[in-house]
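Since the structure comes first, as structure tokens, the remarks are kept for the end.
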Amino acid sequence: MAQLRNLPEHATVFDVFSAYPDLFTHIADFSQQAFRGPGPLPPRDRELIFSYVSQLNACEYCFGGHSQTSVLLGARKEVFDQLRIGIETASVDEKLKPLLRYAKKLTEAPARITPADAEACYAAGWGDDALMQTVAVACLANFMNRLVEGCGVHADPSKFALRAKMAVEKGYQRPFREKMAALGKSSG
């Protein structure tokens, strides 16, 4: 049940964004850039990092939709159960593992990030752009996890596949703008 009185009982993220367009138009734009903008990480891996952070935070709403989006983009379904056990034994590209470790530490102990954590990513062949994409996606996941939980947006697993399909087909900015237009509100 939604925590805010002005949200429907079974609120979605779009309901939260629609209730507060001045606050969240920029988050929709940022999400589009973080997940689909140019950069060294393919969208599948960005979605995987976001899903992993959401899994660490036990945010079912964000994990459910984004893990299925990652699978639609080519990730293997079983990778999320493997990541729950540990990064080292998960069947992800070895090159991606330092970025996942970075995202995990940024989520669980951000004040303990050190140059050595970044150096592990560089040693795996990543540059500044990949590290920044990882930081941006991990930050967005942590923000969205807290927004969802704080507003009382709860997961409806029957909608994960539809949310994933929409994310692959439309991205993150367009559905928000379409909802705002349908409500007759400006979205920036």
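Residues take their numbers from the sequence shown, with the count starting at 1.
- Contact of the Leu147 side chain with the Ile27 side chain is not registered, since no non-hydrogen atoms from C-beta on lie closer than 4.5 Å.
- When the ring-ring contact (aromatic ring centres under 6.0 Å, His included) test is applied to Tyr102, no partner is found at least two apart in sequence or on another chain.
- Taking the ring-ring contact (aromatic ring centres under 6.0 Å, His included) definition, one finds that Phe160 meets it with nothing, sequence neighbours left out.
- Annotation for Lys95: atom NZ counts as buried by contact number, over 12 foreign heavy atoms lying within 6.0 Å.
- Pairs engaging residues 103-143 under the ring pair (Phe, Tyr, Trp, His ring centres under 6.0 Å) rule: none recorded [sequence neighbours left out].
- Using bins of under 30°, 30° to 60° and over 60° for the plane-to-plane angle, the ring pair His66/Phe35 lands in the parallel bin.
- Distance check, rounded to the nearest 0.5 Å: OG of Ser70 to OH of Tyr52 gives 14.0 Å.
- Legend: residues meeting side-chain contact (heavy atoms from CB on, under 4.5 Å) with Cys139, ordered by chain and number and at least two apart, are Leu106, Val135.
- Remark: the backbone N or O of Leu41 is paired with a side-chain donor or acceptor of Gln133 at under 3.5 angstrom.
- Nearest heavy atom pair, residue Val53 against residue Ala103, reads CG2-CB, 4.0 Å.
- Here the side chains of Cys62 and Gln55 are not in contact, with every heavy-atom distance at 4.5 Å or above.
- For the side-chain hydrogen bond (donor to acceptor under 3.5 Å, both in side chains) condition, the pairs that include at least one residue of residues 72-81, sequence neighbours left out, are Arg76-Glu78, Arg76-Ser91, Asp81-Arg84.
- Pairs engaging residues 37-61 under the salt bridge (charged side-chain N to carboxylate O under 4.0 Å, His left out) rule: Arg36-Glu47 [sequence neighbours left out].
- Applying the ring-ring contact (aromatic ring centres under 6.0 Å, His included) rule to Tyr61 yields no partners; only residues at least two apart in sequence or on another chain are considered.
- Residues Ala2 and Pro8 come closest through the heavy atom pair CB-O, 3.4 Å.
- Closest of all the heavy-atom pairs between Ala34 and Leu140 is CB-CD2, 4.2 Å.
- Between Gln82 and Val92 there is no side-chain heavy-atom pair separated by less than 4.5 Å.
- The salt bridge (charged side-chain N to carboxylate O under 4.0 Å, His left out) check on Glu94 picks up Lys97, with sequence neighbours excluded.
- Residue pairs meeting the salt bridge (charged side-chain N to carboxylate O under 4.0 Å, His left out) criterion with at least one partner in residues 106-132, sequence neighbours excluded, are Lys105-Asp117.
- Members clustered with Leu73: Leu72, Val168, by chain and number, using a 4.5 Å side-chain heavy-atom cutoff among hydrophobic residues.
- Residues Leu162 and Met166 do not share a hydrophobic cluster, defined by chaining ILVMFWY side chains whose heavy atoms lie under 4.5 Å apart.
- Proximity of Val13 to Met144: side-chain heavy atoms (C-beta onward) are separated by under 4.5 Å at one or more points.
- When Thr12, Val16, Val153 are each tested for a side-chain contact (heavy atoms from CB on, under 4.5 Å) with Val148, only one passes: Val153.
- For the residue pair Leu99 and Cys121, the shortest heavy atom distance occurs at CD2-SG, 3.6 Å.
- Shortest non-hydrogen contact noted between Phe63 and Ser51 is CD1-O, 3.3 Å.
- No option in Thr25, Asp15, Asn6 other than Asn6 meets the side chain to side chain donor-acceptor pair (under 3.5 Å) test with Tyr20.
- A donor-acceptor pair is defined here as one N or O able to donate and one able to accept, closer than 3.5 Å; no such pair exists between the side chain of Gln3 and the backbone of Gly150.
- Annotation: salt bridge (charged side-chain N to carboxylate O under 4.0 Å, His left out) contacts of Asp93 (sequence neighbours excluded): none.
- Applying the side-chain hydrogen bond (donor to acceptor under 3.5 Å, both in side chains) test to residues at least two apart or on different chains, the pairs with a partner in residues 134-144 are Asn57-Asn142, Thr107-Asn142, Asn142-Arg146.
- Between Thr69 atom OG1 and Tyr172 atom OH the span is 4.5 Å, to the nearest 0.5 Å.
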